[in-house]
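As structure tokens, the structure follows; a few thoughts come after it.
These numbers come from a predicted model, not from an experiment. Counting from 1, the numbers follow the sequence of the chain as shown. Computation of the quantities below employed the complete heavy-atom set of this structure, encompassing side-chain atoms and omitting hydrogens, waters and symmetry-equivalent molecules.
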Amino acid sequence: MFSFRTHLIVCLSLFAALIGMAVIGNVLAASGVIRPPRGAAQAIAVGVFLTLFLAAGLSAIPVMVKLVLGAQERLGHRDAPLVGPLIRHQGAIVWAMWALILAGVAVAAPSMVAGGFFGSGPQRSAGQAIGQIVEGPSLGRLVARPDMSVADLTRQSTLAIDTRHADTTMAGGGVFDFAIPGSTLVFPHARYYFITTYDKDHTRVQALNIGTSPHKMPRAELEAADADLRARLVKDGWLAGHEVYRDDEDRALHGGATRGPEGRHWLKDGMVLDIERNRMDEERPGEDAKTAGDWIQYIEMWPRKDYPGIDRLVFQPAGARY
């Protein structure tokens, strides 16, 4: 093993490179100098970042071991019955911890590849894959839909739900998966939930607001995420809704059109799902409205009978473009 000073320099250098790579990449992407890598370039970028992340983590182990046991040695505990053997075998401790971590990586690697971690999915970006490394473990799965009982929600979910204020809202954040009962839809790495119950029946869910984006994203990536979700909704049997402009005044406000576009409103089994978005940064003077901004996707769900403006919507099988 090297000296504590050498290990500390290596560790700090690796962490500096890790942070610098992320910062410089974000700055260049935001300025339009580079675009998010795709295909083989994406797999290489994720592989490099993961390797650097792993190396930085491994480099911290000898620093911590030498820091703790070195302090014990300076206190004169080298011959103590419990601490003494640890001080004399610092190298063995470090190698054992390295072996344990690398064994875990070896076990996880096939699942990461099979699950598209390195970009096999058509809509997966390098930012998403890198974000999965640093966002931390999933807190569990939230299983919920409109008109579901709060008791069934907590029974079917592995995510810990605080129901003490279910007479108003149930809310929380973190990293979790969201699943809709009665459908095949699962939203991995959702970030927040906001659930309300009926005013006159606090034992049943009325509406949900779920932050489905694992991270904020540029406009082009948001459009791709929305298109991917629309395709999943069609495959799962949801009907696409569009607004109908029923009178002359309404049609005049919409340039003479008789109906609005599809894609935002969806219906299945008595529940309406809206695909929504929220901008996370400030508008800048002179920006291109079609490409500017950092965005997140979220969804809202309501019972059809309570959906605001349901009388203005018509639902039917989605257009061929989905």
Can a donor-acceptor pair be found, under 3.5 Å and without considering hydrogens, that links the side chain of [X] to the backbone of [Y]?
X	Y	value
Arg191	Pro214	yes
Ser157	Val143	yes
Thr169	Ala171	no
Asp177	Arg141	no

Practice task
Look at the aromatic rings of His7 and Phe2 and report parallel, tilted or perpendicular, splitting at 30° and 60°.
Solution key: tilted
From the list Glu243, His265, His242, side chain to side chain donor-acceptor pair (under 3.5 Å) with Arg312 holds only for Glu243
According to a hydrophobic-cluster definition based on side-chain heavy atoms being under 4.5 Å apart (Ile, Leu, Val, Met, Phe, Trp, Tyr only), do [X] and [Y] belong together?
X	Y	value
Trp302	Phe315	yes
Leu313	Trp266	no
Val186	Leu229	no
Met301	Leu233	yes
Val10	Leu18	yes

What's the spacing between [X] [atom1] and [Y] [atom2] if we round to 0.5 Å?
X	Y	atom1	atom2	value
Glu282	Glu287	CD	CD	10.0 Å
Arg304	Met271	CZ	CE	13.0 Å
Glu223	Thr291	CD	OG1	11.0 Å
Met280	Asp294	CE	CG	9.0 Å
Asp199	Asp167	CG	CG	10.5 Å
Thr203	Leu153	OG1	CG	12.0 Å

[X] versus [Y], closest heavy-atom pair with distance:
X	Y	result
Leu239	Pro317	CD2-N, 3.7 Å
Tyr298	Gly211	CB-CA, 3.9 Å
Tyr245	Gly260	OH-CA, 3.3 Å
Asp147	Pro303	OD2-CB, 4.0 Å
Ala55	Leu14	O-CD1, 3.6 Å
Ala190	Ile210	CB-CG2, 4.3 Å

Is [Y] close to [X] at the side-chain level, that is, under 4.5 Å between some pair of heavy atoms?
X	Y	answer
Val48	Met21	yes
Val65	Leu86	no
Ile87	Gln72	yes
Gln316	Glu262	yes
Val83	Leu75	no
Asp274	Tyr307	yes
Val205	Arg145	no
Thr212	Ile275	no

Can you tell me if [atom1] on [X] sees more than 12 non-hydrogen neighbours from other groups inside 6.0 Å?
X	atom1	result
His254	NE2	yes
Asp162	CG	yes
Glu249	CD	no
Lys268	NZ	yes
Lys305	NZ	yes

| Where do Ile161 and Ile195 land on the side chain to side chain contact (heavy atoms under 4.5 Å, CB included) test, with the steps shown first? | CA-CA 10 Å; Ile161 308 294; Ile195 303 171; 5.7 Å; no
Checklist entry - So Arg219 and Arg277, side chain to side chain contact (heavy atoms under 4.5 Å, CB included) or not? Walk me through it. => result CA-CA 10 Å; Arg219 187 66 174 264; Arg277 57 182 57 180; 3.2 Å; yes
When Tyr193, Tyr192, Phe187 are each screened for ring-ring contact (aromatic ring centres under 6.0 Å, His included) with Phe176, the one that passes is Tyr193
Review point. Would Ile180 and Leu273 count as a side chain to side chain contact (heavy atoms under 4.5 Å, CB included) if you check the C-alpha gap in whole Å, the side-chain angles of each, and the deciding distance to 0.1 Å?
Key: CA-CA 11 Å; Ile180 303 175; Leu273 182 152; 4.0 Å; yes
Residues pairing under side-chain hydrogen bond (donor to acceptor under 3.5 Å, both in side chains) where one sits in residues 90-106, two or more places apart or in two chains, turn out to be none
Joining Ile, Leu, Val, Met, Phe, Trp and Tyr whenever any side-chain heavy atoms lie under 4.5 Å apart, the cluster holding Leu67 also takes in Phe4, Leu8, Leu12, Val63
- Does Arg279 pair with Asp281 as a salt bridge, N-O distance under 4.0 Å? yes
Is there a side chain to side chain contact (heavy atoms under 4.5 Å, CB included) between Leu69 and Ile93? Walk through the geometry before answering. CA-CA 11 Å; Leu69 295 181; Ile93 295 172; 4.0 Å; yes
Gln297 and Ser213: side chain donor to acceptor below 3.5 Å:
no
